[in-house]
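In this text the structure is predicted, and so the values were computed from the model without any measurement. Below, each value reflects all heavy atoms present in this structure, side chains not excepted, and no hydrogens, waters or symmetry copies.
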Amino acid sequence: MPVEFISAINVNASNEVNGRGDPALDVDYLRRYARVLEDGGFDYTLVPYNSTFHDPFAVAAALTQFTERLKPIIALRPNTIYPTVAAKSLATIDQLSGGRAVVHFIAGGSDAEQAREGDRLGKTERYEREEEYIRILRKVWSSTVPFDHAGRYYSFEDFVSVVRPAHGSIPVSVGGSSDEAYRVGGALGDIFGLWGEPLADTRQQIDRVTAEARRAGRTDTPRIWVTFRPIVAATDALAWDKAHRILEILQGRGGAGLWSTKQRWSGTGGPANVGSQRLLEIASRKDLHDRALWTPTATATGAAGASTALVGSYETVAAAILDYVDLGADLISIRGYDNLNDAIDYGRYIIPLVRQELAHRAETGRRGQVVAQPPLADVVTARGAAT
């Protein structure tokens with residue numbers, strides 16, 4: 001299967017660069033953003049979940065009606081919806097979209113965030129519950145007769161759903177960097193999501209997922225998804241100027257508000273989840289890793305999510321992405337700090353460069369070089385189209 005690209009949907013124009021805190025869903029903006037992603041060659045877009053955010057099921061259903069090809073990856077926290085209900089909701093969206101739905105499981109990395117919606121299970125239990133949840137979903141999608149379930153976290157009798165996924169099932173994505181995440185994702189995931197780390201660290205994580213898949217008796221392995229926040233421009237020098245401007249903005253978000261770095265960990269003094277801990281440890285080693293992986297953005301945001309950048313010209317960043325493809329990444333998530341403008345740039349320059357190189361390899365059996373950088377006039381045109 002070819003390498004595919006993921007973004008993340010925005011429901012309004014607020015982002016980490018402009019610092020707007022508007023909570024309202026802007027339907028026209030959502031439609032435009034979805035079309036930018038589809039026209040730019042993205043294959044998927046993550047519809048995120050947070051206790052304060054809009055309902056991802058509703059947002060995913062809407063964006064499928066604005067697009068023909070783009071696949072929504074619907075983030076789901078098991079504490080928020082019963083698995084039989086989620087199975088039907090996901091299958092409904094899958095039917096609405098002609099078989100495009102994907103579900104991404106979030107076990108929960110913050111006890112405080114989980115407690116906001118009444119979930120007080122510990123981390124190990126949250127992953128055990130996630131495992132049971134995934135197994136229930138798949139049985140609901142495959143069963144044609146009523147069945148009972150008596151598990152540790154869920155129990156029901158005589159259930160059957162007539163709402164079927166368009167292609168029989170729906171891809172399941174699992175993310176995380178803990179032993180529990182590797183175990184559940186390696187055993188049950190169709191996709192396993194990682195945040196952008198240096199190549200050697202990423203290799204270690206892929207090996208862990210593979211080992212857990214083998215331990216579970218699988219002959220296949222999950223497709224690997226790696227997430228970056230690229231900062232790109234026509235030349236390396238321009239990209240680094242842009243990167244330092246963005247870093248100054250992120251470092252200044254210390255007060256109250258939607259994009260505050262102080263409030264992200266709710267006064268706990270640091271992240272509880274292993275993924276964020278790993279990013280901060282990696283950032284403490286040095287700022288720049290491998291070809292283009294830049295970590296001060298993780299430090300500035302408290303590594304509250306995917307936050308490491310790839311910095312450079314279109315060619316530099318495309319080459320850096322190919323380094324991860326060569327490592328075994330099947331899906332590359334790229335979303336910017338200036339979301340819409342960056343999505344336009346990625347679709348116009350980064351995605352075509354990566355795909356051109358992969359097509360060259362397939363045709364010739366050897367690696368080549370990405371094409372020459374586009375003229376600056378094209379960059380100005382792309383930027384103007386987004387403003």
- prompt: What about Y324 and F228, are their ring centers closer than 6.0 Å?
  reply: yes

message: Would L310 and L293 count as a side chain to side chain contact (heavy atoms under 4.5 Å, CB included) here? Give the steps.
response: CA-CA 5 Å; L310 295 175; L293 185 73; 4.0 Å; yes

task: Give the intermediate values and the outcome of salt bridge (charged side-chain N to carboxylate O under 4.0 Å, His left out) for residues E281 and R285.
output: CA-CA 7 Å; E281 188 280 322; R285 300 179 204 166; 2.9 Å; yes

- request: Work out which heavy atom in Q251 is nearest to a heavy atom in A300; give both atom names and the distance.
  value: CG-CB, 3.9 Å

message: Just to verify, what does D26 make a side-chain hydrogen bond (donor to acceptor under 3.5 Å, both in side chains) with, not counting sequence neighbours?
response: none

statement: Minimal heavy-atom distance between D22 and N12, with the atoms involved, is O-ND2, 2.8 Å

query: How far apart are the closest heavy atoms of A309 and I231, and which atoms are they?
result: CB-CD1, 4.0 Å

query: Counting only N and O atoms by type, is there a donor-acceptor contact under 3.5 Å from the side chain of R229 to the main-chain atoms of A306?
result: yes

query: Of all heavy-atom pairs between S173 and H104, which one has the smallest distance, and what is that distance?
result: OG-ND1, 2.7 Å

- prompt: Same cluster or not: are F192 and Y127 linked, directly or through other Ile, Leu, Val, Met, Phe, Trp or Tyr residues, by side-chain heavy atoms under 4.5 angstrom apart?
  reply: yes

query: Does E132 come within less than 4.0 Å of R135, counting only side-chain N to carboxylate O?
result: no

query: side chain to side chain contact (heavy atoms under 4.5 Å, CB included) between F42 and I351: does it pass, once the steps are laid out?
result: CA-CA 8 Å; F42 284 92; I351 293 175; 3.9 Å; yes

Residue pairs fulfilling salt bridge (charged side-chain N to carboxylate O under 4.0 Å, His left out) with at least one residue in residues 169-180, sequence neighbours excluded: D179-R208

task: Just do the side chain to side chain contact (heavy atoms under 4.5 Å, CB included) check on Q204 and E197 with the steps written out, would you?
output: CA-CA 10 Å; Q204 292 172 0; E197 297 186 359; over 6 Å; no

task: Kindly give the heavy-atom pair with the smallest separation between L353 and E315, and that separation in Å.
output: CD1-N, 4.0 Å

task: Using the six-membered ring wherever Trp is involved, compare the ring planes of F156 and H149 and label them parallel, tilted or perpendicular (cut-offs 30° and 60°).
output: parallel

message: Can a side-chain donor-acceptor contact be found between Q205 and S177 if the only test is distance below 3.5 angstrom?
response: yes

query: Crowded around R366 CZ? As in, over 12 foreign heavy atoms under 6.0 Å?
result: no

- line: Heavy atoms of P271 and G302 approach each other most closely as CG-O, 4.4 Å

message: Which label fits Y314 and Y349: parallel for a plane angle under 30°, tilted from 30 to 60°, or perpendicular past 60°?
response: parallel

message: Suppose the criterion is ring pair (Phe, Tyr, Trp, His ring centres under 6.0 Å): which pairs have a residue in residues 58-89, not counting sequence neighbours?
response: Y82-Y154

